[in-house]
Every structure is written in C-alpha cells, then in structure tokens.
Amino acid sequence: MDERTRLIRSATRRGGPRRAVNPPIERATTLLNERASDLRDSSLGPVYGIEGLGVHRALEDALKELEGATHVFLLPTGLAAVTVAAQAVLRPGDQALVTDAAYGPTRRFFERELKRWQVETAFYPAAGEASDILGRIQPATKLLHIESPGSVTFDMVDVPALASGAKTAGVVTLMDNTWAAGVLFKPLAHGVDLSVQALSKYVGGHSDVFLGSVATNDARLARRVANLIEDAGWYVSPDDCWLALRGLRTLHVRLTQHFENARKVAEWLEGQPEVAEVLWPGLGSSPHHALWSRDYVGACGLMGVVLKPGAPGRAEAALDALELFGLGYSWGGFESLATFEEPQLGRRLHQRPLPGPLLRLHVGLEAAGDLIADLRRGLDVYGGDGGHG
Ligand SMILES: *Cc1c(COP(=O)(O)O)cnc(C)c1O
C-alpha cells in the first residue's frame, strides 16, 4: 500500500464495537493494578506512566510506517532526538564527524557538552564530496552526522555513498532528516543507521508542539537508545503526541502544497535584480539539483536567499517591510516565515563567502501570488534609496 494510505489506515483499524477515530489522551504517572502480583508484571503493559500509553504507541507506529523502521523513539524536542541518538553511540575517546552545516544547537552540543565527555568533534565541509568526507574518518571516528540539505545554506551531500562508506569503516551514520520531514527522503532505505527528525516542524505542522523522533532498523542501536532514554528519564507528553499524530495524517498534502508554493517563489526570486542566489535544491540552477533529483521525491518550503550586497541595515529593513511573512524562528507550520541568518555563518570552518546578506524563508500554505507580492515589497525596500552596492 502507498505510504499516503498507510499513514491514515492505522487510524481506522478495527478494534472493539465502537470507538473514536483518534486515540484518547491518557494522562498518568500511576497505573493501578488489580493485585499485588501484577505490580511487576510487564506483560500487562507499561508498569509506570513514564513509558507512555496508547497515544505514544499510536504515534510510534505511524512513524514506523513513515520511516520504514522497526524501532522508533520519541523525545520532547527535535534537538533532544539528535543529542540522545548521538550520545547513544559515542563513548569517551571517540571522535564524531559532523557537518559544518549542522543545526546550530546540534553544533553547540558537540562543541560544549560532548567535549566534557572526552568526545572530539571534527567538522566536514557541508557540500563535500563523499570521498573527501570518508577520507576524514580516523580509527577513533565512531559517528558520522549528516544534515542534507544542511541548515541555513542548504548544502547537500551524497547520503547513500556516505552511508555505505561509513558502514564499511564501522562508523555509525546519524541523519537529521527534518528538512525532508520523513517523506521527501528516506534515510534508512538509503543505508543510514539512525534517522532523526524534529517533529516540531512539518509533522506537527501547526507551530504548536515540540517533539522529536529517532528511527532505526538496527536492534543493537535501538537498545542503546532505549537504555539512554530510560536511564536519563526522558518522557514526552501524551498531548504533544496527539498533536503530532494529528499533523502526521495531513503531512503529505501539506508538503505537496509547500513544494508547489516554494517552487513558484524560488523561481520568481531567482529572476529578481536584488537576488544573488536562491539556495533551494528544487531549482534547476542549484549545484545540488542532480543529487536532489536522484534521491528526493520533492522539496519542502524552506530555502535560503542570498541578496546582492546592500547598505548596512537594509536586509533588516526589507524583513520589516514584509506583511505576510512572520519574523521568527522554527518552520514547518502552515505559515510563511522569514529570518536573517547571516550571523550564524560565523561559526563555520569551511563556509564559502556569500556575496551579500543571507535570509531564510519558510514558504507556507498561503497563495503563492500573495507571498510573491509581499517579497517584492521587501525587495523594494532593500533596493530602494541606494541599497545596491
Ligand atoms: C528545528 C530543528 C531541530 C530542532 O528541533 P526542536 O524541536 O526545535 O528542538 C533539529 N534539527 C533541525 C535541522 C532543525 O531545523
């Protein structure tokens, strides 16, 4: 059956004479038992609410369908999903190879927290050739972190080549697949060991829930992730699972519309005199277009826009002129958003210089024509009163 069917079918499975379509939200720390001998009997279901109840299992099952995974774990944020997956793999003395285009807080976790645990991190170029990246593997390297397209600059790498090379070298691959939302690219089917995403973005889809997931088909890695979750005491709220499950049912139709809108906006932006470059692999002019066409079934609404050089403060003035694009972090909800991303590039070790300011757009579900008119308003302000340098 098609994935679009499978993601909905699990809601209508028959069980009992009559029931609600969606699972009930059960809030519980304590689970009461009939008799003392049942207290420790795990065959009766979870012993303690921290293991999660029906709605947790329903979301995990739906995500198994999406990821093509035998094991799925839920974490309270996307960031926690990345950090738990990495921690489950790494030990003191190990090295991690991490993309230079890692999501900012992921980078901070490796640089600050894992360093305290004697894990060394080396950053590889975000648009590097697979052979160059694999050539950086050392005896101590135990984890290869992938984000493709990477945060902020949307650089891509050859994931299947990296996954198979890493496997040969005995290195575990962890891919942050948030941009593809589990739909547009399938990390596990392309040989990646741990597929992670921030469900806070497209799966939730409405800018109202934090949640993350770790998916794998490797029973040994699954046990390590499960142990860490249990040992560290991670838990997610049933209300949040319920929201993510609701979002998941319409994920495909929303992404189709984000893709269509983003294509219109990206193609229009590319032709504007104030724009130097549009960073979105769905564009035929993107240096990553061939890789994207080979492995992806679509693109999401998140893209970078590099402006031509302008006078100081003009990029912020352009953002201030926007009326439909909200100014704020996160993305993947129904609404369009814009941010000014250039300051983040300062942390990078391998970043090519960009000709002008870098904006990030999330193209939402509004009508593309209205979004384009709004962006024209912003670019008029950017280019106005002598902005072109
Ligand atoms: C937003 C994001 C995360 C973190 O998700 P949160 O739920 O906000 O913690 C991780 N990775 C990527 C690529 C993201 O864009």
Side-chain angles (χ1 to χ4, degrees), residues 59 63 67 72-87 96 98-111 113-114 123 126 143-157 159 173-185 187 192 194-215 229 234-237 239-241 243-244 247-248 251 255 258 262 279-281 296 299-304 326 328-333 335 337-339 341 344-345 347-348 358-364:
L59 177 58
L63 289 168
E67 299 273 358
V72 166
F73 302 95
L74 302 173
L75 279 307
T77 63
L79 179 59
V82 175
T83 63
V84 162
Q87 261 186 309
V98 176
T99 173
D100 206 24
Y103 172 66
T106 294
R107 185 183 193 108
R108 186 181 62 205
F109 175 72
F110 280 92
E111 285 181 331
E113 215 49 45
L114 284 184
F123 292 94
L143 180 76
L144 176 64
H145 166 279
I146 302 168
E147 220 185 288
S148 178
S151 282
V152 187
T153 46
F154 305 94
D155 295 299
M156 292 186 74
V157 288
V159 178
T173 44
L174 182 171
M175 179 165 181
D176 183 335
N177 193 40
T178 302
W179 191 88
V183 169
L184 309 174
F185 180 74
V192 171
L194 293 161
S195 170
V196 172
Q197 63 162 322
L199 305 175
S200 324
K201 305 287 169 54
Y202 282 116
V203 173
H206 296 75
S207 306
D208 55 8
V209 60
F210 279 106
L211 216 56
S213 62
V214 179
I229 287 173
W234 291 101
Y235 171 73
V236 301
S237 133
D239 307 70
D240 293 347
C241 292
L243 285 171
L248 197 57
L251 178 61
L255 276 175
H258 283 289
L279 311 176
W280 191 69
Y296 282 64
C300 76
L302 193 74
M303 64 181 70
Y329 292 107
S330 201
W331 44 274
E335 78 285 20
L337 295 169
T339 56
E341 292 288 348
Q344 284 203 37
L345 297 179
R347 318 279 316 266
R348 301 240 176 131
L358 172 61
L359 308 181
R360 188 185 73 182
L361 300 182
H362 177 250
V363 178

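First listed ligand is number 1; within each ligand, the first listed atom is number 1.
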Exercise. Taking any residue with a non-hydrogen atom under 4.0 angstrom from an atom of ligand 1, which ones do you get?
Worked result: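 For ligand 1, the contacting residues are Thr77, Gly78, Leu79, Tyr103, Glu147, Ser151, Asp176, Thr178, Ala198, Ser200, Lys201, Phe210, Trp331.
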Problem set entry | Passing candidate, side chain to side chain contact (heavy atoms under 4.5 Å, CB included) with Met175, options Val159, Leu144, Val196, Leu194 |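 Only one of Val159, Leu144, Val196, Leu194 forms a side chain to side chain contact (heavy atoms under 4.5 Å, CB included) with Met175, namely Val159.
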Exercise. Among Thr178, Val214, Thr77, Thr106, which one satisfies side chain to side chain contact (heavy atoms under 4.5 Å, CB included) with Val82?
Worked result: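 One option only clears the test, and that one is Thr106.
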Exercise. Residues in side-chain contact (heavy atoms from CB on, under 4.5 Å) with Ala262, at least two apart?
Worked result: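 Here the qualifying residues are Trp280, Met303, Val363.
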Exercise. Listed by chain and number, what are the side-chain contact (heavy atoms from CB on, under 4.5 Å) partners of Thr339, not counting sequence neighbours?
Worked result: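 Per chain and number, Thr339 pairs via side-chain contact (heavy atoms from CB on, under 4.5 Å) with Tyr329, Glu341, Arg360.
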Problem set entry | Gap between atom SG of Cys241 and atom CG of Leu248 - 0.5 Å precision |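 The CG atom of Leu248 sits 11.5 Å away from the SG atom of Cys241.
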Problem set entry | salt bridge (charged side-chain N to carboxylate O under 4.0 Å, His left out) partners for Glu111, two or more places apart |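 Partners of Glu111 under the salt bridge (charged side-chain N to carboxylate O under 4.0 Å, His left out) test: Arg107, Arg347.
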